[in-house]
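Only a predicted model underlies this, so the values are computations on that prediction, with no experimental measurement involved. Here is the naming used below: chain letters follow the sequence lines, and residue numbers restart at 1 for every chain.
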There are 2 protein chains.
Amino acid sequence: MKIVSSKSEQTNAEMAALKAARDEFVSQWGALGSQWGINRTMAQIHALLMTVDQPMTTDDLMEQLEISRGNAHSNVKELIAWGLVRTVVIRGERKEYFEAEKDVWEIARTVARERKRREIEPALGVLRECVEKSREWDSAEAKAFHKQMRQLEEFVSFASKVADQVSSMKHGFAVQLAAKLLG
Amino acid sequence: MKIVSSKSEQTNAEMAALKAARDEFVSQWGALGSQWGINRTMAQIHALLMTVDQPMTTDDLMEQLEISRGNAHSNVKELIAWGLVRTVVIRGERKEYFEAEKDVWEIARTVARERKRREIEPALGVLRECVEKSREWDSAEAKAFHKQMRQLEEFVSFASKVADQVSSMKHGFAVQLAAKLLG
DNA sequence: CACGATTTTCATTTTATTCTGAAAATTAAA
DNA sequence: TTTAATTTTCAGAATAAAATGAAAATCGTG
């Protein structure tokens, strides 16, 4: 009967625990992703790539997440389109490898930029159109509509500017902002 | 042949234009909602109630949006659960009437509070668990995992605090914040 | 060029979400 | 209490979104 575990047993146990923790994180992050407008697989791939120390291939993703090639492929491409994942060339290797941006402030900046482009700007478009159209209307109901559109437009403009601020943040400035906002 | 429109014709034309603009807003807002994690009908009901000057019944919603009773009902209830819509009692009326919060800063505060509760807090839970579990691990890969979880945890904590700030914002303070952030 | 490796596409299937509509439950007036 | 109005529920239908897997396209090397 062993009194002390050998070094390799410790390591094996730790590796297993790491794998388990990572799986848990990947799975939970995937579930949370759905709550945002993000599909589960995309969130899972992102979670996996963020917590792994080496770039991975499509085949690695397929194996680890038990998903098809097509699914892995299209979601990786989507993550690349977001700017959250990039391809990496490994010398002597023919396959493409992928790695995620790991710096959280950089991730935040990227997400701010993309969500502004994909969500805030279209919303602003709609609101501005409505504000214009209703500018000259006379009835009380129409005036109320105009006012509401103006208020929403003002607010979404504000959000847009915040997104700009965040996406232009230097890493150091983030800390400052945090202090300013919360101190 | 008429040279000048009568007052009532002007009004009719304006009413029609208002209806068209509102429909456009409702439809676009619904489409945008999907991009967030919000279902189309819920976003449409919210858009409609925000831009209307009188509270509406379930039947009004059914008619205006051409949706079933069940659909109208469950999405109104969901909006009430979010705190974005409230019921209104109209004297002498048996039906329930609904109205939306119209103040955009109030809406922002509500959304900040709810999204914190529904999205940020569960995420924090997962991250903290991962940070704890991986605290004592030794291998390089495990240390990298721990570090990444710590960074994410720190960031999401920050987001949580921002959400608190926003949701405790007085209306007047919002303007100040805006100035501070953007000035 | 030709061949094997790899990536990309996409028609089909599967799964998840949303919606309907009618029945059941509740409510309040008679 | 009875009745009619109104709200709520929920099984099933419809729709939308995501995933599969195999074929086609592309790539890079000998």
Side-chain angles (χ1 to χ4, degrees), chain A residues 26-49 55-82 84-99 118-119, chain B residues 26-49 55-82 84-99 118-119:
Chain A
V26 165
S27 147
Q28 297 274 216
W29 208 247
L32 286 168
S34 323
Q35 280 204 292
W36 287 82
I38 291 155
N39 103 7
R40 200 166 48 85
T41 303
M42 187 171 147
Q44 287 185 341
I45 293 176
H46 188 224
L48 180 54
L49 288 177
M56 298 178 92
T57 64
T58 303
D59 292 85
D60 295 334
L61 295 171
M62 290 166 64
E63 192 190 321
Q64 298 271 325
L65 302 175
E66 303 184 71
I67 58 178
S68 72
R69 183 173 304 283
N71 194 10
H73 175 79
S74 55
N75 283 293
V76 164
K77 285 294 139 115
E78 189 65 12
L79 283 163
I80 290 173
W82 270 79
L84 294 168
V85 164
R86 48 184 167 267
T87 62
V88 149
V89 180
I90 298 213
R91 77 155 239 136
E93 287 277 5
R94 197 151 157 193
K95 281 187 182 163
E96 283 194 301
Y97 282 74
F98 306 104
E99 69 177 7
R118 294 166 193 239
E119 289 158 28
Chain B
V26 166
S27 147
Q28 295 273 218
W29 207 248
L32 285 167
S34 324
Q35 282 205 292
W36 289 82
I38 291 155
N39 102 8
R40 200 166 47 85
T41 304
M42 184 171 150
Q44 287 185 342
I45 293 176
H46 187 225
L48 180 54
L49 288 177
M56 299 179 93
T57 64
T58 303
D59 292 84
D60 296 333
L61 295 171
M62 288 167 64
E63 191 190 320
Q64 298 272 325
L65 302 175
E66 303 184 73
I67 57 177
S68 72
R69 183 173 304 281
N71 194 10
H73 175 79
S74 56
N75 282 294
V76 165
K77 286 293 140 118
E78 189 66 13
L79 283 163
I80 290 173
W82 270 79
L84 294 168
V85 164
R86 48 184 168 266
T87 62
V88 150
V89 179
I90 298 211
R91 76 156 240 135
E93 286 279 5
R94 191 149 159 195
K95 282 186 181 166
E96 284 194 299
Y97 283 73
F98 306 105
E99 70 177 9
R118 295 166 190 238
E119 290 159 26

When the side chains of residues 35-48 of chain A are checked against the rest of the protein, which donor-acceptor pairs come out under 3.5 Å, sequence neighbours left out?
residue, atom, partner, partner atom, Å
N39(A), OD1, T41(A), N, 3.0
N39(A), OD1, M42(A), N, 2.8
N39(A), ND2, N75(A), OD1, 3.3

Once side-chain hydrogen bond (donor to acceptor under 3.5 Å, both in side chains) is applied, do any residues pair with S34(B), and if so which ones, sequence neighbours excluded? none

To check you understand the geometry: which heavy-atom pair defines the closest contact between T58(B) and R69(B), and what is its length? CG2-NH1, 4.2 Å

Please find the pair of heavy atoms, one from L65(A) and one from V26(A), that lie closest to each other, and give the distance. CD2-CG1, 3.7 Å

Rounded to whole Å, the CG-P distance (N39(B) to dT20(C)) equals 11 Å

To the nearest Å, how far apart are M62(A) CE and dT7(C) P? 11 Å

Output yes when at least one side-chain N/O atom of T41(B) is less than 4.0 Å from OP1 or OP2 of dT18(C), else no. no

Grab the N/O contacts between the protein and nucleotides 26-30 of chain C below 3.5 Å, and write none if there aren't any.
residue, atom, partner, partner atom, Å
dT27(C), O2, R94(B), NH2, 2.8

For atom CZ of R40(A) and atom C1' of dA16(C), their distance in whole Å: 10 Å

Contacts of E99(B) that satisfy side-chain hydrogen bond (donor to acceptor under 3.5 Å, both in side chains) - sequence neighbours left out: R86(B)

For DNA chain C, which residues in residues 65-81 of chain A have a heavy atom at a distance below 4.0 Å? R69(A), G70(A), H73(A), K77(A)

Please enumerate all residues that pass side-chain hydrogen bond (donor to acceptor under 3.5 Å, both in side chains) together with E119(A), with sequence neighbours excluded. R115(A)

Counterpart residues, side-chain contact (heavy atoms from CB on, under 4.5 Å), relative to E63(A) (two or more places apart): none

May I have the distance from M42(B) (atom CE) to dT17(C) (atom P), rounded to whole angstrom? 15 Å

Segment of DNA chain D, first to last nucleotide, that comes within the 4.0 Å heavy-atom reach of chain A: dA18(D) to dG28(D)

Which residue lies toward the 5' end of DNA chain C, T58(A) or S34(A), if each is placed at its nearest nucleotide? T58(A)

Quick one: list whatever passes side-chain contact (heavy atoms from CB on, under 4.5 Å) with I80(B), sequence neighbours left out. V76(B), K77(B), V85(B), T87(B), F98(B)

Set of side-chain contact (heavy atoms from CB on, under 4.5 Å) partners for D60(B), sequence neighbours left out: M56(B), T57(B)

Can you sort out the partners of E96(B) under side-chain hydrogen bond (donor to acceptor under 3.5 Å, both in side chains), two or more places apart, ordered by chain and number? none

